[in-house]
Amino acid sequence: MLRSAILAASRSARLESLLSKAPFSRDIARRFIAGEAGADAVRVAAELAADGLSTTVEYLGPETTTEEQAQATRDEYRLLLRRISEAGLAESAEVSVKLSALGRSVDEQLARELARDVCAAAADAGTTVTLDMEEHTATDTVIDTLEKLRGDYPSTGVALQAYLRRTEADCRELSFAGSRVRLCKGAYPEPESVAWQTALDVDKSFVRCLNALLSGPSYPMVATHDARLIAIAEDRARWFDRVAGDFEFQMLHGVRPAEQSRLAAEGYTVRIYLPYGPHWYGYLARRLAERPANAAFLGRSLTNRR
Ligand SMILES: Cc1cc2nc3c(=O)[nH]c(=O)nc-3n(C[C@H](O)[C@H](O)[C@H](O)COP(=O)(O)OP(=O)(O)OC[C@H]3O[C@@H](n4cnc5c(N)ncnc54)[C@H](O)[C@@H]3O)c2cc1C
């Protein structure tokens, strides 16, 4: 119940404005979010790089409902990518972007053009882009956009969600040399018609997708904090003769940092999803709601302001 209350709160603009200014929210946010400005993201990415961790940086802007907002998001990514390049971080830092932030719901063609601009800026900076995956109604658009972008920017990657019934087939489809696929469980509430509903079914699908990716020539990016799935990925990678530079692990900033360090010390590439931006509250609420202990922590903070 606390989880759904927090998720509901994450969608309330009034609560967002109230809580994002509260000192306790900002204290908690520091664990999961680099800061509000691009410079904060670059600073934290440099600290993580010094610890042997790569990053994928995402801008948390306002919900995009106009063409101007979509263009402003594109401009923010251009600036971010310039900063990444100037800081000498292009080897370790890439960017993640949502087509919705680039105006998918305003005009799909516009979002594609702006995504192309972001890919061009990434190529100029010496790095690349991964397209986040969103609600299942957007999956075809995201994959179709990826295919078009890969024509000019072949290192562009995409996230796929193991909870979708279609994803094992998508993994096979995208399992070719040079294809960068981030496999995650999936973060949106989805109906039974398209998505596995139990944790066990999602985990089983994750393993089938892992097998499909690791057995082929693509570059899988295994995005999970789940200890059992990480152990299975390590085992499957050995089975398929994958060496450490042939695939990578990805985790969210602030989640299981000791495991991030352990995997990096084992020689794996570990990439940290590093969000920043003024609209961090919704992201924070979703991260806290993912874990009962975190949700209780936020619940206590909300009722017990210091
Ligand atoms: C790099 C990266 C990129 C992602 N990109 C996308 C995307 O494009 N589209 C999408 O739909 N989803 C995306 N996700 C989110 C993903 O789909 C899951 O919702 C999220 O990662 C939680 O799933 P899990 O695999 O960690 O497993 P879970 O079963 O949720 O968690 C396993 C264990 O990890 C730990 N843990 C997990 N979350 C937290 C937390 N917030 N705080 C503390 N401990 C935690 C706990 O110990 C938990 O028991 C991404 C995740 C990562 C890591």
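Atoms considered below: every heavy atom in the structure, side chains included; atoms not considered: hydrogens, waters and symmetry mates. For ligands, and for the atoms within them, numbers begin at 1 and follow the listed sequence.
Under the side-chain hydrogen bond (donor to acceptor under 3.5 Å, both in side chains) rule, Thr130 has a single partner from Arg271, Glu94, Gln250, Arg182, which is Glu94.
Annotation: Tyr273 places no N or O atom under 3.5 Å from an N or O atom of ligand 1; distance criterion only. The N/O atoms of Arg287, backbone and side chain alike, include one that comes under 3.5 Å of an N/O atom in ligand 1. Not a single N or O atom of Cys184, backbone or side chain, sits closer than 3.5 Å to an N or O atom of ligand 1. At a 3.5 angstrom cut-off on N or O pairs, Thr224 counts as close to ligand 1. At least one N or O atom of Lys185, backbone or side chain, sits closer than 3.5 Å to an N or O atom of ligand 1. At least one N/O-N/O distance between Gln161 and ligand 1 falls below 3.5 Å. At under 3.5 Å, a nitrogen or oxygen of Ala187, whether backbone or side chain, sits near a nitrogen or oxygen of ligand 1. For His225, a nitrogen or oxygen atom sits less than 3.5 Å from a nitrogen or oxygen atom of ligand 1, counting backbone and side chain alike.
Defined by atom type and a distance below 3.5 Å, a donor-acceptor pair is present between the side-chain atoms of Asp201 and Thr198. Side-chain N/O atoms of Glu76 and Tyr276 include a donor and acceptor closer than 3.5 Å.
Atom numbering of ligand 1 starts at 1 in the shown order; those under 4.0 Å from a heavy atom of Asp226 are 32 (C). Numbered from 1 in the order shown, with element, the atoms of ligand 1 that lie under 4.0 Å from a heavy atom of Tyr188 read 11 (O). Of all atoms in ligand 1, numbered sequentially from 1 with element shown, those under 4.0 Å from a heavy atom of Asp132 are 8 (O). Close contacts between ligand 1 and Gln250 involve ligand atoms 1 (C), 53 (C) [criterion: under 4.0 Å to a heavy atom]. Those atoms of ligand 1 that come under 4.0 Å of a heavy atom in Met251, given as number and element, are 53 (C).
With salt bridges taken as basic N to acidic carboxylate O contacts below 4.0 Å, none links Arg74 and Glu68.
Of the heavy atoms in Glu134, none comes closer than 4.0 Å to ligand 1. Residue contacts with ligand 1, taken as heavy atom pairs separated by less than 4.0 Å, involve Val255 solely via side-chain atoms from C-beta onward.
Distance check: Asp140 CG to Asp170 CG gives 8.0 Å after rounding to the nearest 0.5 Å. A distance of 5.0 Å separates CE in Met251 from CG in Leu263, rounded to the nearest 0.5 Å. Here the OG1 atom belonging to Thr167 is positioned 7.5 Å from the CE atom belonging to Met133, to the nearest 0.5 angstrom.
Of the listed residues (Ala159, Ala227, Gly254, Gly186), the one carrying the non-hydrogen atom nearest atom 18 (C) of ligand 1 is Gly186.
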key: Worked check of ring pair (Phe, Tyr, Trp, His ring centres under 6.0 Å) between Tyr219 and Phe247   = CA-CA 5 Å; Tyr219 183 80; Phe247 70 105; 7.9 Å; no

Quiz prompt | Derivation of the side-chain contact (heavy atoms from CB on, under 4.5 Å) call for Thr73 and Leu114 | solution = CA-CA 9 Å; Thr73 301; Leu114 298 181; over 6 Å; no

Would Gln69 and Thr65 satisfy side-chain contact (heavy atoms from CB on, under 4.5 Å), going step by step from the backbone distance to the final call? CA-CA 7 Å; Gln69 283 173 327; Thr65 53; 3.0 Å; yes

